[in-house]
Every structure is written in C-alpha cells, then in structure tokens.
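Input: a single structure, listed below in structure tokens.
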Amino acid sequence: MEDQYRPQTIEAEAQAYWQEHETFRAREEDPRPKYYCLSMFPYPSGRLHMGHVRNYTIGDVVSRYKRMQGYNVLQPMGWDAFGLPAENAAMEREVPPARWTRENIAAMTEQLKGLGFGYDWSRELATCDPDYYRWEQWLFTRLYRKGLVYRDTAAVNWDPVDQTVLANEQVIDGRGWRSGAPVERREIPQWFLRITDYADELLDALDRLEGWPEQVRNMQRNWIGRSEGVELSFELAGRDEQLTVFTTRPDTLYGVTYMGLAPEHPISLELAERNPAIAELVAEARAGGTAEADLATREKRGADTGLEAVHPLTGERIPVWVANFVLMEYGSGAVMAVPAHDQRDWEFATAYGLPIRPVIQPADGSSAPIDEGAFAEYGVLIDSGPFTGMPSAEAFTAIAERLESEGRGQRRTQYRLRDWGVSRQRYWGAPIPMIHCEQCGPVPVPDDQLPVRLPEDVAIRPGGGSPLKTMPAFYETTCPDCGGAAQRETDTFDTFMESSWYFARFACADQEHAMLDGRADQWTPVDQYIGGIEHAVLHLLYARFYHKVLRDEGLVSSDEPFTRLLTQGMVLKDGAKMSKSKGNTVDPQALVDRFGADTVRLFTMFAAPPDQSLEWSDSGVEGAYRFLRRLHALVRDHVARGPAPGLDADALSETQRDLRRKVHETIAKASDDIGKRFTFNTAIAAVMELCNALGKAQEDDSDGGRAVMQEGLETAVLILAPIAPHLCHHLYFQLGHETPVVDAAWPQADEQALIRDQVELVVQVNGKLRGHVTLPADAGEDQAREAALAEANVQRFVADKTIRKVVFVPGKLINVVAQ
RNA sequence: GCCGGGAUGGCGGAAUUGGUAGACGCGCUCGACUCAAAAUCGAGUGGCCAUCGGCCGUGUGGGUUCGAGUCCCACUCCCGGCACCA
C-alpha cells in the first residue's frame, strides 16, 4: 500500500473501475426494489459552480447509500440545454448557441465524472436535441386538440430600440439591459396551457406530499391562492352595463360605500378620454410596469367617475371610483369597497373623504374602533337589514343564497394562479409546433412532420431579435389542412416545458417511437428529488402539472412526480451568496485538482446539514483533507501488520469491548443520520470520533485488538463510502475484500456489542450538576439514590437541607430535590 | 403587512423524546520532532473567580417544570417567499 495518500491516483483508478464495470448502469430487469434518486439537471453554463457540487454530492450520497441498502438505484444526469445565456454568449463571441451549448456540455461532463458521481450516463439527454423536444411538441399538439392549449394576448417587455422582447431579468430598473431604453409593455398573442384546470388538484395534493418541506408546500399553496367567495353584479345607473365583482366577504355587503375600478378596466379607459384625472391614473398604471417595490409603497390614489352603481340588496346609489390599488389582472378588475372592514378600502376612503359604514362588530358585542383602521375580522352583523344579528359565517351563506336566488350572483372559487404562458419570442428554444394559415387559423403540425427542427447554424446579432423571424426557409410552409401557403409559429417554448418531464424521459431516453414507454412507469415517481429552493414554485409546480397531464394521457400512472424533496441551502462565502458580481466565487475544479474530489465532497457534506446554507471555508477544506489522510494512514498501518485475526467477541478485554461498542454505536448513529435525518454532517462527525478512538488504540497488537481494529476500520470505510467513494473504494480492497465497496451492504449495528454493564449517571441537586456516579447498568432507583447521596460534593449541597424528593431517570440521571 | 425558517464559543456547527450545553471540525495557545520552517504528532481551549471547586452563560423579557437551547406568552433582529389578491 502506498505510504502517502495520493488522491489523484486513487480517484483515477476508482473512476476507471466504475466505468469499466458499468457500475452505475441501472437495469429494469434487476429484481431488487427500485429507487429513483434525481438531482435537478443543470443549465450547461460552461463550468460547475459550488452550488452544483453541493447539489450533486447530496444526490450521489443518497444514491450510493440506497444502493448499499439493497435498492436498484437509478441516478441519471442530463442537460437543461435551452435558454437565454446561449443567445447572449452567441452575441458576445459570435458562436452559434448550439455549438456553445454542446461544448459546455462536454466540459461539464468531464467535471462531473471527475467528482466521481455515480450516474447512469447511458441515459444522458440534452433538451436541445430534436429527439428530446420532438415529444414535447407532440404532446403540445395533443393537448391543443384536447383543449388544454389556447391562444390569448399577454403583456411582454418590449425594447423599442433593440426591437425585441426582453425577459424579466433583462429589464433593469425599467430599462433594457443592452439598449438602456425605457421598456414598454406590449400585448402580443401567445400560447397558454390551462394549468388552472388542475388548480384544485395541485393544491389539494400538497397535503399528501409528506416528503416535501413544509416551506415549499406553503409557497405553492400561496402561489395557487385559492379563495372562496361570491361573484355578484352591481347595475350601473344610466348605463346598460353591470359591474361584476368578486368578494370573499359577502357578509360585509351592507357596508359597501363605493366601488373601485382598475385603471386599466374598460370603463376607466373609456372615461379617460374625457377625464384628465382618470387619464393620469391610466398612464401611471401603464408606466409603472410590474415593479412590485413601487406598487407596495404607492400612495392610494383615485378619481371619481361620476357614475353610480346600484346596491343589489338595498337599491342604494353608490359612487364609482377609479382606484390605483385595484388590479386588472386579478378577478374582474373591479371591487366593492367596504372601508369599515378592509384596510385598503379604509385608506382610500379616508384619503378621499368617502363614508365608512361599520356592519360587523366583534362577537363579544364590543364596538370595533374604525377610526384608526378597518376591522377586518369576522364577527356579528349590524345594520344589515334582514341579516342583522347573524354571525359572519352564517351571513356569508345567507347572503350568497339570497343573491343566487335573485340571479344577481353566485358562489365562486377564485385563484391567484394564472394559466401558463409558454411562448417565448426567442431563438434558442424548442419551436412551438403550430402553423398559422389564413384560411384555417392555427393548425397543429401533424405527427408525421415532427419534430419541427430548430435551425442550428445561425448568427445572432445584437438588436436583431430571434433569427427565426427572418428565416423564410424556416417559417414558410404549407397548411396541413388546406394545403395553402402558411407560416410557422416562430416563437419557441418556455424552457420550463423541457424541465417539466425530463425526469420521466430518463427512464426511457432511448425510446424512438414514443414520448415515454412502460419503463417510465416502472421508475417514476422519483423517490428522492434534490435541488435548489429557488425552484420551489415554478419548476416544481409546472412539473407536478405536467405529470398529471402525462397521467391523464395514459403515459404514467402515478399522481405526483416527486415523492420526497430535499431543497439544499445556498453556498455562501463571507456570509454572502457566491456570485461573479460579488467576486466571492470558489472554483470547485481548482479544489479538486489540489485536494481531490473526495475532500471537496467530504467538506461539502460536513460543513452544514444539506437544507441549511453552507459557509465556505478554505481551512475547513484542509481539515477534511487532513481527516482523509489520517484515515488512509490508519488503514495503511493496520494493513502493514498483516491480515487481522478473526473476531472473538467473548474473548475481548474491557478496553477492547469499549472500543467495539464505539464501533457499533457509530453504525447506529450514522445509519439514523444518513438514512432518516439526512444530517450527513453529524454522521461524518461520528466517524471522525470513531477514527480518533481507533487511533488511540493502535498500540494494541493483541489478536482481540487487531480484530476490533479491522472491524472499526471497515466500519469507517463503509459509512464514508457514499461520501468519499474513491478513497473508500481503495481502502476497502486494502482491508482484504475482493468485491468493491460500492456493492457492499450497509453495516448493521450488533445489539450485543451495544450493551453496557456499567453506566454513568449524572447527579444533580435541585437541577444543577453536582457529580457523576458509575453503577451497574441494571441498578435501580434505591441503589442510584444511595450512590448519589454518598458523593462528597452532593453532601455539601444537601447537608443542611431536607430532601423532599428524588427524580430518577434510568440510565441518565438522578436529581435530588432538597430545601 | 402576511406565511415560513432562524439567532448557541473567535468561526462552521452539535445536542434526535424536556435530562451532563458546546460533539465534530476550523482557528488559536503550549509542547514534541527540526539547524530552522512547513507538514505531522501530543496537550489545552465558553466567560469570570479559584485549592477541592464555584458563579454566570444558548437574541431580549416573563412563565411552566425537580430540571428548559428544547415547551408556553410577549418582543427584537436576520434570512427566504408572497403581497394593494378584493
């Protein structure tokens, strides 16, 4: 065995071994229970960053651990290869996005292999390959025919100088990132997927996703934002028109004192032509864009329209105002304002001197103070005609029923979630498989003409927009229905389309004749999914939606794609997120080159639990390296003494038994930490403790001592095998095994070895630590009490007091309560 | 504003069910080895007082309990998400 720990040699050998033996190839015919472990696939930006290393190390540790537990593990890897950075790079370096992307994939593949991740590379996929996106196009045309796809207008950020659409992240302080011109909002036609059809299922199923962090489930609940209420109509006096509003508080209906219209409401727009005050509000709403920080701090402003609405129950005339706090995008763009019981309505009413009429009082009969703000809680109705005296909940139903019976309203469920706009006015994405025909309208591309290939040999020019729009060879086509001249859609898909089903495609990446086959149902759902919290809502919601769509198409049979989810924390340096702009990045490759992949993996797993943020520390990395070197030396020195004799547990000395107990305690703790709690840091700490203890026992050259040493070192190697797989691969062979550690079984704690015949009890007086006593493990309370009171230090504290009670916790402590 | 999560030595963190606070690692101090340094190995390392040992200590203030980092109430600050959502 080499005298020195040389990670470069050891790691190259281990990786060559895995490759040669196809160690990580997952096979469908394997009879063991399947375990699908997936880390979120990366965008091929060119180089791995620390966030990737952390994410993929966690996934690899889980995969290797599950493999040792006897599962047939699938751990694939691929590339989320479409997206904006490739277009930006194309402009900067004059290289086509396709080439840039494929070069990055090649480079990053090498990095991943160098880190020793156990991926089944035979299933590798890149979403920019036509063999991949053709099936997404295929599904889209099916969903179109099914009615789950529709076309509507939606606002985009338009750069008037570059004549192009900008992504939100390309808009900086309301200006185009390249041109610096103020960005305009433009309404253009786009394709939508009816995710709202699945809103209820997406929401309700969250309750059953017990393997997901509560935080993520909550974020999705808020995002979907279901609210139950009543939709009702107010007649407009003197106009042949009604104002429809949604309210979650029909019980406050008698407190309506004005109506609020969004500035972009059709009525507001119409009145703006004659009314300068309204026109100003409209202009402000348009200019403000979507900058939420402005909105939140914006002062409540409005203008009287002069119109009057008629209260549906009392017939009272109510003024209609245009109000800048009413959103056109939510509900109907109009609200009934109840200033006594809604804070926003209250602020607006106060600003413009509108009446505030309380109709709810607290259930205890006190009167709610509405001078300082609205009373927004439930209570009992007052001054509400026939509903006076009812509790809010009862009034909700009664008023809703009254409105329904009069045909003036109905109960309704409203969602914050909107349909998913999947059109992007970009080049580097999957072409949307639709054809626009003047005669037939939009027509889906027939299956036998799929895929619609994205031309890859293109030049991207600044300010030129998507090259597809200027490529007749791409967009000129004939209508599949009437055969006349027609134009292809030149927009491409949102890249979330590709990442919404890749997990299923990994199961059957080589399938040429279908989107998915039976293997997809065999491997999915993903048992453990690992990725960044930044995908808590969009990616994870879209993927859940897509999975249900795939299910309804008969392609998979499960309801949810990801059984368990682990969201890893950020990697920080000097307390801040690593980023190029802050200049605090650490290049993983430089560390791998210097210390080896095992050290980088070990430190990453040791420095913090996976869901917390990880503070980078160069000296911590060196500490991890030192530990691996010590482990290497321990095995080297042990092996140098020749093969260890067999273990005779009954013949061990007390010291040897103590050490062996430590070995098995470590197994028990590490199994719990890695298998159940996912706290890899504490499992590593336990192994470090074990190694410290083994190091102190090195002089024991007896048969028993050497046998326990062998068992201890094997244990350390087995537990660390998922975390530092290369070194453990090497050491396991050195310890005399003929099969690789990657195929070894996870160690089991020996209950017999865990038994203690002596226990140390903590002795407290009035809850304060005053000493320790060592007793036989089966000692009872009387014996413990006697021993505790015999302690000199305990005597000092109870001498002049009366013992009132003794608390005994077997195996733990004895507390003498004295006064 | 609302919804999550958090605050523990000089630093990262541990304490799983209310039972020895600070495991493990980093850093630091001292010692061994060395001409010297690095590396390595050994010892120590929450603060204060001290002879055994004691007092204080887990963001702040209160409470429950024989016993609280852990449970309850009120609050401060930090991080993440959402937000005039009717």
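Lettering of chains follows the sequences in order, A, B, ..., and the numbering in each one begins at 1.
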May I ask you to say what [X] touches in the nucleic acid, namely base, sugar-phosphate or nothing, with a heavy-atom cut-off under 4.0 Å?
X: Arg626(A); result: sugar-phosphate
X: Gly623(A); result: sugar-phosphate
X: Tyr625(A); result: nothing
X: Val817(A); result: sugar-phosphate
X: Asn692(A); result: sugar-phosphate

Would you kindly compare Val807(A) and His772(A) by the position of their nearest RNA chain B nucleotide and give the one closer to the 5′ end?
-> His772(A)
For Leu614(A) and Lys812(A), take the nucleotide of RNA chain B holding the closest heavy atom to each; which residue's nucleotide lies nearer the 5' end?
-> Leu614(A)
Complementary nucleotide of [N], counting Watson-Crick and G-U pairs under 3.5 Å:
N: U58(B); result: none
N: A15(B); result: none
N: C28(B); result: G44(B)
N: C35(B); result: none
N: G67(B); result: none
N: C82(B); result: G1(B)
N: A23(B); result: none
N: C52(B); result: none

OP1 or OP2 of [N] sitting under 4.0 Å from any side-chain N/O of [X]?
X: Arg344(A); N: C85(B); value: yes
X: Asn681(A); N: G25(B); value: no
X: Asn793(A); N: G54(B); value: yes
X: Lys768(A); N: C56(B); value: yes
X: Arg770(A); N: C55(B); value: yes
X: Arg416(A); N: A83(B); value: yes

The glycosidic conformation of G27(B), counting syn as within 90° of 0 and anti otherwise, is anti
Rounding to an integer number of Å, can you tell me how far [X] [atom1] sits from [N] [atom2]?
X: Lys696(A); N: C41(B); atom1: NZ; atom2: P; value: 12 Å
X: Gln764(A); N: U65(B); atom1: CD; atom2: C1'; value: 12 Å
X: Glu689(A); N: A23(B); atom1: CD; atom2: P; value: 9 Å
X: Arg629(A); N: U40(B); atom1: CZ; atom2: C1'; value: 8 Å
X: Ile684(A); N: C26(B); atom1: CD1; atom2: P; value: 13 Å
X: Glu329(A); N: C85(B); atom1: CD; atom2: C1'; value: 11 Å
X: Leu572(A); N: G13(B); atom1: CG; atom2: C1'; value: 14 Å
X: Arg418(A); N: C85(B); atom1: CZ; atom2: C1'; value: 9 Å

Which nucleotide in [options] has an atom nearest any side-chain atom of [X]:
X: Ser227(A); options: A86(B), G27(B), U16(B); answer: A86(B)
X: Asp672(A); options: U16(B), G25(B), U20(B); answer: U16(B)
X: Ala685(A); options: C84(B), A23(B), G13(B); answer: A23(B)
X: Ala607(A); options: G12(B), A15(B), G53(B); answer: G12(B)
X: Gln215(A); options: G4(B), C84(B), C55(B); answer: G4(B)
X: Phe246(A); options: A86(B), C55(B), G25(B); answer: A86(B)

Salt-bridge test for [X] and [Y]: reply yes if a basic N is under 4.0 Å from a carboxylate O, no otherwise.
X: Lys669(A); Y: Asp672(A); result: no
X: Asp345(A); Y: Lys300(A); result: no
X: Arg301(A); Y: Glu284(A); result: yes

Rounding to the closest angstrom, what is the interatomic distance between [N] and [M] at atom [atom1]?
N: U64(B); M: U45(B); atom1: C1'; answer: 36 Å
N: A21(B); M: G69(B); atom1: P; answer: 8 Å
N: A14(B); M: G9(B); atom1: P; answer: 14 Å
N: G25(B); M: U17(B); atom1: C1'; answer: 28 Å
N: G61(B); M: G13(B); atom1: P; answer: 25 Å
N: A43(B); M: C24(B); atom1: P; answer: 12 Å
N: G59(B); M: C79(B); atom1: C1'; answer: 15 Å
N: G54(B); M: C41(B); atom1: P; answer: 35 Å

How close do Leu417(A) and Ala199(A) get, heavy atom to heavy atom, and via which atoms?
-> CD2-CB, 4.1 Å
Within 6.0 Å of CZ in Arg785(A), more than 12 heavy atoms from elsewhere | no
Should we say atom CZ of Arg677(A) is surrounded by more than 12 heavy atoms from elsewhere, each under 6.0 Å from it?
-> yes
Tell me whether the side-chain N or O atoms of [X] pair up with the base of [N] as donor and acceptor below 3.5 Å, since no angle test is needed here.
X: Asn815(A); N: C66(B); value: yes
X: Lys669(A); N: U16(B); value: yes
X: Glu214(A); N: G5(B); value: no

Given the side-chain rings of Phe348(A) and Tyr258(A), with only the six-membered ring counted for Trp, is the space between their centroids under 6.0 Å?
-> yes
Is the centre of the Trp616(A) ring less than 6.0 Å from the centre of the Phe603(A) ring?
-> yes
In sequence, state the C-alpha distance, the side-chain angles, and the governing distance for Val61(A) and Met605(A), and then conclude on side chain to side chain contact (heavy atoms under 4.5 Å, CB included).
-> CA-CA 9 Å; Val61(A) 170; Met605(A) 300 304 281; 3.9 Å; yes
